[in-house]
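Whatever order the structure lists them in is the order used to number ligands and atoms, beginning at 1.
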Amino acid sequence: MLVVTPNTCLDVTTWLGALVPGTVSRSTRTVTVAGGKGVNVCRTLRVLGREHRLLGLAPRDDDRLATLLAAEGCAFVPVPHDGQGRLSLIFLEDGGRATVVNGLGPDPGAWDPEALLPAVASALDGAPAVACSGSLPPGLPDDTYGRVVELAHSRGVEAWVDGGPAVLGAALPFEPDLVCPNVGEAEALLHGRADEAVEESGDDLVDRCVAAARELHGRGARRAVVTAGSHGAALVTAAGAWWLGATRVPVANPIGAGDSFLAGTAHALLSGASDTDAVRHGTAVAAAAVQHPSGGMLDAALVAPALAALPEAVPA
Ligand SMILES: Nc1ncnc2c1ncn2[C@@H]1O[C@H](COP(=O)(O)OP(=O)(O)OP(=O)(O)O)[C@@H](O)[C@H]1O
Ligand SMILES: [Mg+2]
């Protein structure tokens with residue numbers, strides 16, 4: 001399958017005792033890897049044994065991204081630009097708190113934003129499906145993923161979209177085959193709520209997820225999933241609505257759970273699973289992924305036990 005993540009980046013993860021804004025801190029370790037939501041999706045697809053290609057921007061004069069992706073065995077289709085490569089800075093404190101600062105992406109003057117869709121069109125050749133994942137760099141209109149959905153549908157293949165509120169909202173009229181925002185993103189899109197808490201809670205969480213998924217489905221998503229971290233996810237399709245609870249696991253790194261969820265769900269859909277089984281599989285894959293310290297990575301042996309421990313899908 002093809003994974004479209006225009007806003008690729010280098011993830012620079014720094015470990016430190018405590019992050020104190022306004023002071024100078026000293027790190028204990030720094031690691032740089034390829035990043036962008038779709039890179040995590042590809043990592044998970046590779047562990048699951050699903051053939052894939054990643055399409056995204058890459059700085060012409062800096063080959064670190066391409067080199068890092070090649071070293072991971074990720075087939076990369078670069079869309080070159082002459083700007084500064086995008087960085088994502090991740091601070092992991094001893095106490096377990098994570099702080100992320102995401103770069104914007106290259107200036108639109110440094111590349112031709114019109115070049116993206118033709119690149120997607122040629123990379124789509126032979127792909128059984130396409131997943132669009134992550135933010136868009138400046139210069140790409142909010143409906144870019146919608147246009148990718150349109151392109152995919154014209155080829156008779158499914159298109160799945162995971163992006164921030166504005167990008168997701170602009171994709172809905174194109175009837176993506178699956179969307180999977182977290183509840184904060186979904187409510188920001190539907191009700192203009194601005195906060196994006198990393199972990200949501202509250203007695204009404206299931207109802208909020210189901211209500212948001214119903215609305216996303218009503219606005220065009222064929223399968224609308226709304227995720228809620230360690231709690232689980234709601235699914236709404238033309239056939240009904242369900243709540244799929246998650247399973248309690250020891251968490252090493254919750255960042256990227258949504259990306260692994262998308263990869264696991266996509267993998268199951270491509271294997272012919274029903275919608276609820278596909279989302280259950282995505283939930284199990286994400287449960288395995290959060291137990292791994294690196295975003296998007298997982299021990300494949302942990303998927304089956306997670307699947308066995310999951311509650312059945314409950315009609316909502
Ligand atoms: N701590 C956890 N334990 C078990 N399963 C989890 C946990 N966190 C997430 N998951 C699973 O992963 C799915 C997606 O998680 P989440 O809602 O955090 O996505 P997200 O906010 O998009 O994540 P990210 O943006 O970091 O990729 C959840 O619906 C759940 O099934
Ligand atoms: Mg997400």
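- Each of the atoms 29 (O) of ligand 1 lies under 4.0 Å from some heavy atom of A233.
- Interatomic distance, R214 CZ to D207 CG, rounded to the nearest 0.5 Å: 10.0 Å.
- Ligand 1 has a nitrogen or oxygen under 3.5 angstrom from a nitrogen or oxygen of G258.
- Of the N or O atoms in A287, none lie within a sub-3.5 Å distance of an N or O in ligand 1.
- Under a 4.0 Å criterion applied to the non-hydrogen atoms of I255, ligand 1 contributes the atoms 26 (O).
- Here the CG-OG distance, from L55 to S122, works out to 8.0 Å after rounding to the nearest 0.5 Å.
- For R46 and E72, the salt-bridge test passes: some basic side-chain N is under 4.0 Å from an acidic carboxylate O.
- Only the backbone of A228 comes within contact range of ligand 1, with a heavy atom under 4.0 Å; no side-chain atom does.
- Counting heavy atoms only, T227 comes closest to atom 17 (O) of ligand 1 of the residues V225, V100, T227, V290.
- For the atom pair CG of L269 and CG of D275, the computed distance is 6.5 Å after rounding to the nearest 0.5 Å.
- A donor-acceptor contact under 3.5 angstrom links the side chains of D177 and H153, judged on distance only.
- Using a 4.0 Å heavy-atom cutoff, T247 is listed among the residues neighbouring ligand 1.
- Looking at N182 and T227, their side chains never bring a donor and an acceptor atom within 3.5 Å of each other.
- Of all the heavy atoms of V251, the ones lying under 4.0 Å from any atom of ligand 1 belong exclusively to the side chain.
- In this structure, K37 has a heavy atom closer than 4.0 Å to ligand 1.
- One finds the OG1 atom of T14 at 13.0 Å from the CZ atom of R26 (value rounded to the nearest 0.5 Å).
- Rounded to the nearest 0.5 Å, atoms NZ (K37) and OG (S135) are 9.5 Å apart.
- By heavy-atom distance, the residue among A286, A252, G229 lying nearest atom 28 (C) of ligand 1 is G229.
- Counting the atoms of ligand 1 from 1 in the order shown, those under 4.0 Å from a heavy atom of V249 are 3 (N), 4 (C).
- Of the heavy atoms in N182, only side-chain atoms (C-beta onward) come closer than 4.0 Å to ligand 1.
- Taking a cut-off of under 4.0 Å to the non-hydrogen atoms of T283, the atoms of ligand 1 that pass are 31 (O).
- The heavy-atom pair separating C132 from V148 by the smallest distance is SG-CG1, 3.5 Å.
- One finds the CG atom of L45 at 11.0 Å from the CG atom of N40 (value rounded to the nearest 0.5 Å).
- Close contacts between ligand 1 and D259 involve ligand atoms 27 (O) [criterion: under 4.0 Å to a heavy atom].
- Listed by number with element, the atoms of ligand 1 under 4.0 angstrom from any heavy atom of G256 are 24 (P), 26 (O), 27 (O).
- Taking only nitrogen or oxygen atoms, main chain and side chain alike, G232 reaches within less than 3.5 Å of ligand 1.
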